[in-house]
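Have a look at the structure below, then the notes.
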Amino acid sequence: MYNPEKLHPVAYLGSVVNAFKNLWIPIIVVLFNSREAIFSGNISLKYLLISGGVVIFAVVLFGGYDFLNKFRTRFWIEDGKFIYKDGVISNREKELDISRIQSIDFNEPIFHRIFGAVKLDIITPGEGIKIDTIKKSQAQSIQSILYNEMDQLDSSVEIGASSRWPREEAPVEDQPEQFVTLYQMTGKALILMSMTSGALGAFLAIVFGFINLIGANFLIERYFEVFEGLVQNIFLALGIAVLIFVTVGYIMGILILSIKYYNYTLKMKSDDLVVEYGLLEKKHRSVNVIRVQNIIIKDSIIRRIIGYYSLSVTITSDSLDSGEIDGKVELIPFIRKKRLYRIIDEIFPNYHVELPVRTVPFRGYRRYFQVMLTLVVIITGIVQYFWFGYAWIIGLAVAGIFIISGIYSARNTGYKFHGDEINMMTTGFFSRSHFVIKHEKVIQAEWVVNPFLRRADLGVITLVTAAGMVGSSASLKFIDKEDIEKIWNWAERGHSNGKDIAESGQSMEDQ
């Protein structure tokens with residue numbers, strides 16, 4: 001790997017495929033305009049030859065340039081840097097400092113797996129590198145060499161880079177250290193996870209993409225015509241149609257997620273974590289625990305009832321090539337609470353995970369649902385007056401859901417200090433996110449207040465850590481002003497949002 005390496009031979013075949021992908025719209029337009037001549041059989045040999053020649057020329061033109069670029073692509077490791085070079089008319093060269101690499105990932109699409117090839121992503125806080133189609137053995141070798149080089153480099157502690165790591169040094173052995181499996185999802189857990197992970201949403205995303213391609217009116221009209229023919233009552237027909245659609249969609253969504261997360265496995269070697277999953281497209285994501293910016297434990301009300309949670313971490317990356325803009329890496333998507341905390345203790349011995357103390361005062365509860373409640377009342381009133389006389393029943397049910405969700409959020413929002421760490425519990429629609437953040441990782445603190453909140457001695461505070469392009473933020477809403485002061489003073493950095501803070505007379509204005 002210290003000598004220039006080439007791409008996998010199948011990458012050149014990909015140039016032809018990419019050329020057809022770029023030309024499929026013009027080809028469809030030409031075929032559509034010539035449909036009468038094609039179906040009537042009156043198309044001439046001259047027309048076929050000219051059309052075929054134009055297509056072949058376009059494929060050679062577009063695919064040939066990409067072919068030459070891939071043929072000239074080289075990558076290697078030299079003097080603590082990973083170097084990537086390509087270009088046809090002009091040469092382009094990228095150099096990544098190995099000490100700043102955050103993650104080394106590779107994916108195995110089903111077509112690539114046939115030829116033993118993968119796609120490699122190397123992610124840094126700045127520019128990343130995406131290598132399309134190399135041998136799997138090359139990707140594994142790059143991953144191993146880069147992590148070994150990173151372990152040997154002495155880098156200083158800086159915000160958004162790395163942390164002091166108190167893990168004891170393992171004794172030197174003759175045999176190289178192997179990856180140890182920390183977690184592997186069982187079939188039962190896979191089905192439960194798929195059932196509680198927005199299976200219907202995954203199905204709808206595919207359906208709406210298909211509808212957008214062929215036209216919504218055609219599909220929807222045909223869909224409801226079938227049920228109108230079977231059931232005379234239009235409302236009953238509509239209800240049956242929606243029920244069948246939701247049921248089938250939910251089952252299909254479970255199947256989609258089960259294929260995506262098939263054989264989900266988390267492995268660890270020293271300070272390196274590797275996640276592998278997927279049936280058709282196998283994904284490999286890696287994280288060096290030293291470069292983790294924060295820990296996130298998530299649950300929904302349904303998962304909380306059955307005792308399952310998920311574990312994610314964030315890393316820094318400004319690279320658009322990686323396809324990830326939030327820097328979040330999911331380590332365990334579905335695991336029981338007791339086992340989760342044991343794994344966290346093993347992976348992150350220098351973090352203290354503790355359930356935050358509830359913080360929102362009673363006067364802050366209504367602010368979690370009052371805006372949505374107002375919107376529901378307005379919309380229900382309009383629908384009730386102009387269209388549907390029983391809209392108030394639906395509006396009452398929706399209002400009740402938002403009120404219960406708001407109370408749930410208020411009762412589960414809080415924080416807890418432990419030395420140089422803060423545990424923060426933020427909430428959403430019947431969901432919770434437990435952030436564990438070290439002081440050295442905080443890059444921004446923001447206190448938001450307005451005249452209404454100031455009169456109630458409430459506010460909103462947000463802590464931001466480096467993650468992806470936009471950062472990872474954790475916000476505590478409508479908590480007491482004294483609690484905001486404590487968090488602000490702990491963060492020791494931040495800026496206010498709005499003129500009200502300068503007039504509040506609190507100690508935070510002096511920061």
Self-check item: Residues, nucleotides or ligands: over 12 heavy atoms within 6.0 Å of Lys70 NZ
Solution: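 Yes.
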Quiz item: If you draw a 6.0 Å radius around CD in Glu93, do more than 12 non-hydrogen atoms from other residues or ligands fall strictly inside?
Solution: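 Enclosed.
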Quiz item: Ion pair present between Asp480 and Arg363, side-chain N to carboxylate O less than 4.0 angstrom?
Solution: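 Salt bridge flag = yes for Arg363 with Asp480.
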Quiz item: Does a side-chain N-to-carboxylate-O contact under 4.0 Å join Asp121 and Lys130?
Solution: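 Yes, this pair counts.
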Practice problem: Decide yes or no on side-chain contact (heavy atoms from CB on, under 4.5 Å) for Leu7 and Phe75, but give the supporting numbers first. | Solution: CA-CA 9 Å; Leu7 298 178; Phe75 50 92; 3.9 Å; yes
With under 30° as parallel and over 60° as perpendicular, where do the rings of [X] and [Y] fit, or are they tilted in between?
X      : Y      : answer
Phe71  : Tyr12  : tilted
Trp490 : Phe417 : tilted
Tyr408 : Phe430 : tilted

Does the side chain of [X] pick up a donor-acceptor pair with the side chain of [Y] at under 3.5 Å?
X      : Y      : value
Thr427 : Thr413 : yes
Asn423 : His434 : yes
Asn263 : Glu276 : no

Practice problem: Could you tell me whether a side-chain N or O of Lys283 sits under 3.5 Å from a main-chain N or O of Asn107, the two making a donor and an acceptor? | Solution: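 Answer holds: no.
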Quiz item: Between the main-chain N or O of Ser286 and the side-chain N or O of Ser103, is there a donor-acceptor pair closer than 3.5 Å?
Solution: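 Side chain of Ser103 to backbone of Ser286, a donor-acceptor pair under 3.5 Å: yes, one is there.
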Quiz item: Given Asp86, which of Arg72, Arg92, Lys94 fulfils the side-chain hydrogen bond (donor to acceptor under 3.5 Å, both in side chains) condition?
Solution: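 Between Asp86 and the candidates, side-chain hydrogen bond (donor to acceptor under 3.5 Å, both in side chains) is satisfied uniquely by Arg92.
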Quiz item: How many angstroms lie between CD1 in Ile123 and CD1 in Ile101, if you round to the nearest 0.5 Å?
Solution: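 Separation between the atoms: 10.5 Å.
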Quiz prompt | Tyr351 six-ring face occupied by Lys438 cation (under 6.0 Å, within 45°) | solution =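 Ring-cation test returns yes.
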Exercise. Determine the sole option in Val353, Leu331, Ile335 for which the side-chain contact (heavy atoms from CB on, under 4.5 Å) test with Leu340 is passed.
Key: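 Result: among Val353, Leu331, Ile335, Ile335 is the only option passing the side-chain contact (heavy atoms from CB on, under 4.5 Å) with Leu340.
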Quiz item: With sequence neighbours left out, what residues match Ile110 under side chain to side chain contact (heavy atoms under 4.5 Å, CB included)?
Solution: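 Result, side chain to side chain contact (heavy atoms under 4.5 Å, CB included) vs Ile110: Leu280.
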